[in-house]
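Taking it in order: structure first as structure tokens, then the write-up.
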Amino acid sequence: MPETERRGDSVGAAVLAAGFGERLRECGCPKPLARVAGLTLLERTVRTLRAGGLDGEIAVVVGHRGDEVAGYCKERGLPVRVVENPDYPRGNGTSVLAAMRFLPERFVVAMVDHVHTPDSVRRLLGCEGDFVAAVDTRPVYADPGEATRVRIESGRVVDFGKNLPEYDGLDAGLFLCSRLALERLREAAGQERLSWNDLKRAWLASGGEVVACDLAGAPWTDVDTPRDLHLSEEMVLGWAASGNDGPISRHINRRISRRITRRFLDAPLSPDQVSLLSFALAALGAGLLAAGRLRAGGVLVQLASVVDGCDGELARARVESSPRGAVFDATLDRWADALIISGLALGAGTRRAAAAGYPALAGALLVSYTRARWEAALGGMPSRFTGLGATRDVRLAVLALGGMLRAPVAALLATGILGNAEALRRLLALKKERT
């Protein structure tokens, strides 16, 4: 197959990594190899594109210190094509033109120094048009003084520039393009300077439209200075710690787990290993509960609940989330729940505690089971059906508190009531939805 022929249904990417990166010189490495939250900017960009649904070839265009960047790609086994651009001093527009012949009909242009989440890539890939630009009309992390500003009319970008006095949003450094459409801009390649912005202006001047894909406040930022590296890590950790949390995780656990996850980012630990660590803490806590050491066991149960949030945070921060990892974590969680409830019932040593253990265990399993079955059969469960204070963080907090206060029966009864009431509510809601 000739180099210029690619599958029409795939989407590739050109990652622009050829620039000088002068303001990050003190880091001692090429800008694409500067690290943010445990990953180099280059590896983070590649993983984010793949996690966002990009399935075609990724061309990494190198220039300044290109041998080092290419060597890193080979050493790490990154699934990319390295494209050398000897014209990189003329501007990053030349890097786009250098990559185009290796890419399919539609491709993403991504700046290696822009940190995004897979959701933003997914949103961009869902847009139609020969030229789509990700813009942000509600920027949270990006600096309007540094970013390119855009004016938008009727969903189209009509003007852009760093010094626009009036603007509607910021250029987020992520684009979806048609290769054949941009081929007609090659005549601009003779300019002395040729930035990507020059190519965008040439496209508008030729009568082309730039569709605006509004990220609307999604996490992203541009990394130009050492301070930006720190700010982008904070952004990544903030995004990684977000999710469908219960009240205990949201207000207590996450404040601690984020600090732990920060320590794990550059450690040789995988998310699965952190899941195993959380399970080990839960099993040890259950053993202490069963032995009658209720207070110590309760403390370890709550610690296990905190660490249970770290595996997901680490996976999202390193862009390593996977369905396989989610199943592994969920299985360990169910085993841990059974051990903790059984340990608390055994440690109490009374018939009342044993009797209260069954509904507590049944409720804990039913909350997770009904959600999993709902999602498998009907898609995502609506948020209004997921909360009655019966989330796992709440159940573990109740059990831990029952151990620390030496009130095991009350904790088991409360856990059973919460879990079974939530399962019943979901069944009633499902019947109502069907009706």
Side-chain angles (χ1 to χ4, degrees), residues 11-52 54 56-103 107-118 120-121 124 134 146-148 171-177 179 182 193-200 220-226 228-229 232 236 318-319:
V11 179
V15 178
L16 308 191
F20 291 98
E22 292 291 343
R23 288 187 285 176
L24 275 177
R25 184 184 300 174
E26 65 183 71
C27 293
C29 64
K31 187 175 187 178
L33 304 188
R35 299 182 72 83
V36 169
L39 293 175
T40 63
L41 286 170
L42 175 57
E43 193 164 11
R44 177 170 296 281
T45 301
V46 172
R47 289 189 183 188
T48 299
L49 291 169
R50 290 298 186 205
L54 187 131
E57 185 163 23
I58 297 178
V60 176
V61 187
V62 300
H64 179 64
R65 300 177 71 173
D67 289 344
E68 295 175 61
V69 178
Y72 177 84
C73 292
K74 183 177 181 180
E75 176 187 340
R76 296 287 295 177
L78 291 185
V80 300
R81 176 193 291 267
V82 176
V83 178
E84 294 185 17
N85 175 25
D87 283 342
Y88 74 91
R90 293 174 50 214
N92 58 359
T94 64
S95 292
V96 177
L97 297 180
M100 279 172 53
R101 68 191 183 98
F102 300 106
L103 298 172
F107 63 93
V108 170
V109 174
M111 310 297 160
V112 76
D113 58 0
H114 283 56
V115 177
H116 284 278
T117 67
S120 294
V121 176
L124 180 73
E146 290 283 343
T148 298
D171 178 338
L174 202 60
F175 307 86
L176 179 62
C177 306
R179 177 168 57 85
L182 290 189
R193 296 284 301 170
L194 186 65
S195 69
W196 176 231
N197 280 345
D198 291 330
L199 285 177
K200 289 189 287 183
W220 71 276
T221 190
D222 184 3
V223 178
D224 288 317
T225 67
D228 292 340
L229 291 173
S232 59
V236 168
R318 289 187 188 161
V319 202

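Everything quoted here is computed from the prediction, not taken from an experiment. Just so you know, residue 1 is the first one in the sequence shown, and it goes up from there.
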Would you confirm whether Lys31, through its side chain, and Leu41, through its main-chain N or O, come within 3.5 Å as a donor-acceptor pair? no
Counting N and O atoms only, with roles assigned by atom type, does the side chain of Arg179 sit under 3.5 Å from a partner on the main chain of Phe107, one being a donor and the other an acceptor? no
Taking all non-hydrogen atoms of both residues into account, name the closest pair between Val62 and Ala18 and its distance. C-CB, 3.5 Å
Taking every heavy atom of His114 against every heavy atom of Thr45, the minimum-distance pair comes out as O-OG1, 4.3 Å
Can you name the closest pair of heavy atoms from Leu54 and Ala13 and give their distance? CD1-CB, 3.7 Å
Closest non-hydrogen atom pair between Ala134 and Leu124, with its separation: N-CD1, 4.1 Å
For the pair His116 (side chain) and Gly173 (backbone), establish whether a donor and an acceptor sit closer than 3.5 Å, ignoring hydrogens and angles. no
Grab the two heavy atoms, one from Val83 and one from Ala98, that are nearest each other, plus how far apart they are. CG1-O, 3.8 Å
Residue set satisfying ring-ring contact (aromatic ring centres under 6.0 Å, His included) with Tyr72, at least two apart, ordered chain then number -> none
Whether His64 and Phe20 hold their rings parallel, tilted or perpendicular, with breakpoints at 30° and 60°: tilted
Nearest heavy-atom approach of Ala59 to Ala99 is CB-CB, 4.1 Å
Before you tell me yes or no, could you show the steps for Leu42 and Leu78 under side chain to side chain contact (heavy atoms under 4.5 Å, CB included), namely the whole-Å CA-CA distance, both residues' side-chain angles and the distance that decides it to 0.1 Å? CA-CA 10 Å; Leu42 175 57; Leu78 291 185; 4.2 Å; yes
Any donor and acceptor pair, going by atom type alone, linking the side chain of Asn92 with main-chain N or O of Trp196 inside 3.5 Å? yes
For Arg76 and Thr40, run side chain to side chain contact (heavy atoms under 4.5 Å, CB included): C-alpha distance rounded to whole Å, both residues' side-chain angles, the deciding distance at 0.1 Å, then the answer. CA-CA 11 Å; Arg76 296 287 295 177; Thr40 63; over 6 Å; no
Could you go through Ser120 and Thr48, starting from their C-alpha distance and side-chain angles, then the distance that decides it, and tell me whether this counts as side chain to side chain contact (heavy atoms under 4.5 Å, CB included)? CA-CA 9 Å; Ser120 294; Thr48 299; over 6 Å; no
Answer yes or no: is there an ion pair linking Arg23 with Asp228, defined by an N-O contact shorter than 4.0 Å? no
Please enumerate all residues that pass side chain to side chain donor-acceptor pair (under 3.5 Å) together with Glu68, with sequence neighbours excluded. Arg65
Derivation and outcome, side chain to side chain contact (heavy atoms under 4.5 Å, CB included), residues Arg50 and Ile58: CA-CA 9 Å; Arg50 290 298 186 205; Ile58 297 178; 3.7 Å; yes
Val15 side chain near Leu49 side chain, heavy-atom distance below 4.5 Å: yes
Is Arg44 reaching over with its side chain to a backbone N or O of Ala37, donor-acceptor style, under 3.5 angstrom? yes
